[in-house]
Amino acid sequence: MCGIVGYNGKKKAVDILLDGLSKLEYRGYDSAGIAIKDKNIEIFKAKGKLINLQDKIKDKNLKGTIGIGHTRWATHGEPSENNAHPHVSNNGNVTLVHNGIIENYQELIQKLEKHNYKFYSDTDTEVLTNIIDYYYNKYKIGPIDAINRTMVRVRGSYAIAVMFKDYPDEIWVARKDSPMIIGQNDDGTYVASDVPAILKYTKNVYYIDNLEAACLKKDKVIFYDLNGDVIKKEMQEIKWDVSAAEKEGYEHFMIKEIYEQPEVIKKTINSYIQDNTIDISRSNLTQEEIKDIKEIYIIACGSAYHVGVCAQYILEDLTKIPVRVEIASEFRYRKPLLNKKGLAIIISQSGETADSLAALREAKNAGIKTLGIINVVGSSIAREADHVLYTLAGPEIAVATTKAFSTQLIITYILAIEMAHVKRKINKKKYLELIKEIQTIPDKIKNILEDDTNNIQKLSSKFSYVHDAFYIGRNLDYAISLEGSLKLKEVSYIHSEAYAAGELKHGTISLIEPNTLVIGVITQDEIYEKTISNLVEVKSRGAYIITVNPNKIDVNKVADFTINIPETNKYFYPSLTVIPLQLLSYYITVSKGLDVDKPRNLAKSVTVE
Ligand code: F6R
């Protein structure tokens with residue numbers, strides 16, 4: 001998705017804007033641009049990678065200390081220099097960058113055309129720029145009123161950064177349903193759509209709410225509500241390390257983030273478990289509220305949905321509360337019947353995924369309690385959910401999630417144990433036993449990384465040629481197969497599918513040919529023999545079988561290659577089995593020579609429907 005960065009201060013804006021945009025590259029983009037005010041506002045844009053923009057401006061000696069920049073991920077209009085941001089109003093008075101989508105832009109074009117506005121691009125953003133300009137000129141009311149009238153008039157989602165020719169020392173920003181943070185230090189003020197863009201410069205930020213605007217001056221930020229009244233905001237400190245958003249010697253962010261997992265899982269565990277006791281009181285979800293919960297709805301997208309599938313098995317088994325897991329984009333449009341005593345759990349790394357946010361609002365409108373499992377502090381879902389449990393994964397830069405996924409899993413285990421204990425479905429002994437075992441997970445992952453990486457790397461180079469892969473397992477092993485399969489296809493572009501092992505024979509087995517790659521995940525004591533039988537069925541049709549299993553499970557008669565993982569409690573195996581699956585996807589992709597951190601067509605945070 002698109003990225004925004006802006007700076008107003010003492011330093012040369014061009015360096016800060018380009019550096020900030022480079023930190024936003026991971027979000028996915030197809031063109032980039034900046035506007036810098038020196039004597040006049042100068043705009044530079046280029047299609048393709050940021051390097052093209054850098055080449056364009058390298059001899060320009062841009063000295064301006066105020067400017068805005070953008071990486072564009074095309075929605076309205078093809079990726080091109082013409083459609084790239086910043087856009088400028090007809091009379092050159094308003095220069096703007098925008099994330100999001102303006103839904104009623106056609107209607108706004110008609111309105112503006114009646115007033116002789118002309119359009120040079122195919123974007124909804126150019127329309128937005130001119131609407132601001134239209135209100136600004138019509139009412140002679142100054143930036144805040146022009147922006148507020150625009151916010152009332154447009155439908156859709158947006159985060160905007162605007163420069164007005166008549167207000168050369170200010171950047172104006174506003175947002176609705178699209179992320180934006182504002183930072184400040186002694187050198188100036190900053191705006192960005194995402195923390196990593198400004199983390200290097202400041203950890204002191206303000207969160208701007210929906211339908212609010214702000215004026216960034218060189219030494220202060222003034223916030224306004226939709227009435228144009230000034231509002232006060234507290235500055236907050238971001239806890240993320242700057243180094244977490246840098247590669248630090250690793251070839252790619254994905255592998256760095258895979259290796260960070262023991263550490264961030266430990267941090268997440270330690271923030272909710274102390275002295276063998278779970279404490280989730282920071283979420284404000286009380287024991288009384290937990291006792292009252294009659295149903296659980298887990299709602300999420302993509303990998304976060306897969307965490308939900310794992311959590312469904314664990315929560316239901318431990319708490320004996322019925323659990324349903326739903327894809328957010330389906331949930332939001334299907335008018336589900338929800339128990340008033342239900343709890344909706346929204347899982348999201350970014351906290352900004354449009355469908356998950358909409359699902360949260362649906363659940364709130366239905367009058368049920370909501371709990372977010374979120375990584376980005378201050379994100380929309382974190383702010384709107386009744387309760388929040390934060391994952392402490394730190395900034396996740398690789399498009400394909402790994403460490404956020406793993407910390408989300410951990411939170412669901414902690415929640416399941418706590419709820420089961422509060423509801424008296426497990427006794428103190430079981431509670432302590434599970435807590436003890438959870439704390440062993442970071443070291444067990446470390447062991448997998450130490451023991452298995454080399455073999456997986458060697459194996460992976462053999463599979464860069466494959467066209468199809470199937471991941472199979474039962475129960476929690478099926479849940480993690482969904483994630484393994486997504487991980488492979490999204491970064492390596494190899495077609496892959498996950499199947500409940502028992503379901504394969506109902507159609508999909510016809511796709512198995514000699515050397516088709518089948519990955520069997522086999523950890524669950526009660527049913528492993530059944531998965532092995534399913535693997536035998538595909539092996540006898542020529543499939544090449546990789547298994548991921550603890551040593552105690554004998555896979556000799558099926559596996560062509562075995563990845564052993566340490567033993568753990570049956571509920572926690574997903575945290576271990578996912579590690580080799582992540583490594584497999586990573587190394588297969590690297591051996592194909594693909595850009596593993598930025599797979600084609602994908603965006604890190606999906607803020608459009
Ligand atoms: C896949 C991946 C995506 C996200 C999904 C939800 O590797 O990262 O499938 O899990 O887009 O994103 P969040 O968690 O930000 O809501």
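Just follow the structure's listing: the first ligand is 1, and inside any ligand the first atom is 1.
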*Asks:* Could you find the nearest protein heavy atom to atom 11 (O) of ligand 1 and give me its residue, atom name and distance?
*Replies:*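 So the nearest neighbour among protein heavy atoms is V606 CG2, 4.2 Å.
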*Asks:* List the closest protein heavy-atom neighbour of atom 6 (C) of ligand 1: residue, atom name, distance to the nearest 0.1 Å.
*Replies:*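 Here the closest protein heavy atom is C301 O, 3.4 Å.
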*Asks:* If you look at every heavy atom in D597 and A398, which pair is closest and at what distance?
*Replies:*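 That would be OD1-CB, 3.6 Å.
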*Asks:* If you have a sec, work out which protein heavy atom is nearest atom 7 (O) of ligand 1 and how many Å separate them, to one decimal?
*Replies:*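 Of the protein heavy atoms, E490 OE2, 2.5 Å lies nearest.
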*Asks:* Should you measure from each heavy atom of A304, which atoms of ligand 1 turn up under 4.0 Å away?
*Replies:*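 Going through ligand 1 atom by atom, the ones under 4.0 Å from A304 are 10 (O), 14 (O).
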*Asks:* In terms of residue, atom name and distance, what is the protein heavy atom nearest to atom 16 (O) of ligand 1?
*Replies:*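 For this ligand atom, the closest protein heavy atom is T353 OG1, 2.4 Å.
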*Asks:* State whether E237 and K203 are salt-bridged, where the test is any N-O pair (Lys NZ or Arg NE/NH1/NH2 against Asp/Glu carboxylate O) under 4.0 Å.
*Replies:*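 Not counted as a salt bridge, because no side-chain N and carboxylate O are separated by less than 4.0 Å.
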*Asks:* For L482, does its backbone N or O pair with a side-chain atom of S485 as donor and acceptor, under 3.5 Å?
*Replies:*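 No, the answer is negative, given that no donor and acceptor are paired below the 3.5 Å cut-off.
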*Asks:* Checking Y259 now: which residues fulfil ring pair (Phe, Tyr, Trp, His ring centres under 6.0 Å) with it, not counting sequence neighbours?
*Replies:*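 Applying ring pair (Phe, Tyr, Trp, His ring centres under 6.0 Å) to Y259 gives none.
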*Asks:* Examine distances only and state if a side-chain atom of D124 and a backbone atom of I102 form a donor-acceptor pair shorter than 3.5 Å.
*Replies:*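 It does hold such a pair.
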*Asks:* Taking only Lys NZ, Arg NE, NH1 and NH2, and the carboxylate oxygens of Asp or Glu, determine whether K233 and D209 approach each other closer than 4.0 Å.
*Replies:*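 Salt bridge flag = yes for D209 with K233.
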*Asks:* Which atom pair, heavy atoms only, marks the closest approach of S406 to I265?
*Replies:*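 Looking at all heavy atoms of both residues, the shortest contact is CB-CD1, 3.8 Å.
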*Asks:* By number and element, which atoms of ligand 1 are closer than 4.0 Å to a non-hydrogen atom of S350?
*Replies:*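 The list of qualifying atoms is 13 (P), 15 (O), 16 (O).
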*Asks:* Donor-acceptor pairs under 3.5 angstrom involving side-chain atoms of residues 306-314: please list them, not counting sequence neighbours.
*Replies:*
{"unit_1": "H306", "atom_1": "ND1", "unit_2": "E483", "atom_2": "OE1", "d": "2.9"}
{"unit_1": "Q312", "atom_1": "NE2", "unit_2": "V323", "atom_2": "O", "d": "3.1"}

*Asks:* So which bit of V399 gets within less than 4.0 Å of ligand 1, heavy atoms only: side chain, backbone, both or neither?
*Replies:*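 The part of V399 near ligand 1 is the backbone, not the side chain.
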*Asks:* In the protein, what heavy atom is nearest to atom 10 (O) of ligand 1, and what distance, to one decimal place, separates them?
*Replies:*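 Closest protein heavy atom to atom 10 (O) of ligand 1: S303 N, 3.1 Å.
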*Asks:* Under a 4.0 angstrom heavy-atom cut-off, which atoms of ligand 1 come close to S348?
*Replies:*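 Heavy-atom distances to S348 below 4.0 Å select 13 (P), 14 (O), 15 (O), 16 (O).
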*Asks:* N/O of S356 under 3.5 Å from N/O of ligand 1, yes or no?
*Replies:*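 Checking ligand 1 against S356, no N or O pair falls under 3.5 Å apart.
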*Asks:* Should K487 be counted as touching ligand 1, given the test is an N or O pair under 3.5 Å?
*Replies:*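 Yes, at least one N or O pair falls under 3.5 Å.
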*Asks:* Just going by heavy-atom distances, which of Q582, Q349, E483, E352 is nearest to atom 14 (O) of ligand 1?
*Replies:*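 The residue whose heavy atom sits nearest atom 14 (O) of ligand 1 is Q349.
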